[in-house]
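Source: prediction; values computed, not measured. Just so you know, ligand 1 is whichever comes first in the structure, and atom 1 is the first atom listed for that ligand. Note that these values count all heavy atoms, side chains included, but never hydrogens, waters or copies made by symmetry.
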Amino acid sequence: MSKVRVYEIAKQLGLSNKELLNTLKEFDIEVKNHMSSLTDEEASIVTEYYAPSNGENNKEVVDTNKETMEIEDDNEDLDVISIPTNVTVKDLAERLGKQSSDIVKSLMLKGIMATANQEIDYETASSVALEFDFLTEEEEEKDIVDEFFAEEPDDEEDLVTRSPIVVVMGHVDHGKTSLLDAIRESNVTSREAGGITQHIGASVVTINDNDITFLDTPGHEAFTAMRLRGAMATDIAILVVAADDGVMPQTVEAINHAKAANVQIIVAINKIDKPGANQDRVKQELVEYGLVAEDWGGDTICVPVSAIEKTGLDQLLEMILLVSEMEELKANPNKKASGTIVEAQLDKGRGPVATVLIQNGTLKVGDAIIAGTSYGKIRAMIDDKGRRVKQAGPSTPVEILGLSEVPVAGDAFYTAKNEREARHVAEKVIRRDREKLIQNTPQKVTLDDLFSQ
Ligand code: GTP
Ligand code: MG
């Protein structure tokens, strides 16, 4: 014999519990309350009464009209609480003014095993609430995606000075990587395929106890998006212009990116050791793009350098530190990290690997992050020197492992409370993206539409 409870039938028939309880009384069916079970036979009596299978309403058999009116009034006395579509046992208990254990017990009686932190659906929550004499209404779902991404401003007192993030941009082969090699005394240029940079390399250089985070970018015209991403995440842009070549198309593009990102530009006039070098010509050409050198009466810092002969490097670094000091760069290391994905790829052995730049907060191994539709718990972090690290603070670039999919470079990343929240938000983002896609897709697709793509 299957069991069905009074409130379930009431719901099915669109009645209040009390209305149904009264009708049951009229039929001499003894029940204690809306949680009582009915036999199949008892259930069919009332069902037949309210929704007869022959299509006729037998309501005249018992006239409960008068009582129904009273009952509806009674119902208004029941407290109504609003609960979200998915609510944890603990949250429900709080809303009902009960202990979590009361809710767990009630669920157990329904054959549902749940712990305090477990989520239950609206229907279940509603039936539990009813047991405690509460009616429920579904709470309007807050946009958890918006809520999640809403940045809380930092308190002034939590802020500490952070090191500058500097992007190196310029035309192909003007010596960006060589300049960085000279500064960090490394030799990346020689290892690059065809001597061309194809990715954003991030590295931290320590100068007299001051750290500077450098992002190298490719100068080749094919990498416009990468240069733009580099500029967006940074505080200062070093515009490398070869003294023997002058301002070239990607130099102009870099200037525009830096301006769009509102990033201060420092010009490094490179290759001054070359016979054809002409610094004045470079300065002259830059004027056309709104960059007037200081010694020409403007406010653009221009430093002549040679990456090969390692000249002018100290002056360039000094200028970087000076400008960053003026910008008063601050961050709060005592909160969950957020920043930008600077690069990402799928590694055969390690899965999705991303280089992230932490712009605020501290990122730790074990943190759950979300970047666009990608999410996951950080399995390992590797710093720019190839060392495994457990945590990384503001202005630090690190390589991270553990994401569900390869994130899109340029996307922001945020830290969630835990992996479950990260997944939840990512799923909502995916759903929202999909809805947007559907909305933007023409309703009627013609053959022309298909072939014009
Ligand atoms: P992409 O990343 O491909 O845009 O190039 P890049 O700007 O990083 O240039 P890279 O450092 O690879 O240098 C290009 C060439 O210029 C190399 O052959 C370097 O040795 C040479 N070079 C770089 N700086 C100097 C310099 O100061 N003087 C001279 N003489 N050659 C330089
Ligand atoms: Mg390069």
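Considering backbone and side-chain atoms alike, Ala307 places an N or O below 3.5 Å from some N or O of ligand 1. Of the polar atoms of Thr177, at least one N or O is found under 3.5 Å from an N or O of ligand 1, judged by distance alone. Taking distance alone, with nitrogen or oxygen atoms compared against 3.5 Å, Gly175 approaches ligand 1 more closely than that limit.
The Mg ion (ligand 2) has no N, O or S atom of Thr217 closer than 2.8 Å.
Salt-bridge annotation for Lys271 and Asp245: absent, with no side-chain N of the basic residue lying under 4.0 Å from a carboxylate O of the acidic one. A salt bridge links Glu285 with Arg281: the distance from a Lys NZ or Arg NE/NH1/NH2 to an Asp or Glu carboxylate oxygen falls below 4.0 Å. Taking a cutoff of 4.0 Å between a charged side-chain nitrogen and a carboxylate oxygen, Glu399 and Arg350 qualify as a salt bridge.
With 3.5 Å as the limit, one finds a donor-acceptor pair spanning the side chains of Ser306 and Asp273.
Residue-level proximity to ligand 1 for Lys274 is carried by the side chain, the only part with a heavy atom below 4.0 angstrom. Residue Asp273 touches ligand 1 through its side chain alone, judged by heavy-atom distances below 4.0 Å. Contact annotation: for Asp173 versus ligand 1, heavy atoms closer than 4.0 Å belong to both the backbone and the side chain.
Heavy-atom proximity to atom 20 (O) of ligand 1, evaluated over Asp181, Asn270, Leu180, Ile308, is greatest for Ile308.
Counted within 6.0 Å of CG on Asp158, heavy atoms from surrounding residues, nucleotides or ligands total more than 12; the atom is thus considered enclosed. Within 6.0 Å of atom NZ in Lys259, more than 12 heavy atoms from other residues, nucleotides or ligands are found, so the atom counts as buried in its surroundings.
With ligand atoms numbered from 1 in the order given, ligand 1 contributes 10 (P), 11 (O), 13 (O), 19 (C), 23 (C), 24 (N) to contacts under 4.0 Å with heavy atoms of Ser178.
Judged purely by atom type and a 3.5 angstrom limit, Ser374 has no side-chain atom pairing as donor or acceptor with the backbone of Ala371.
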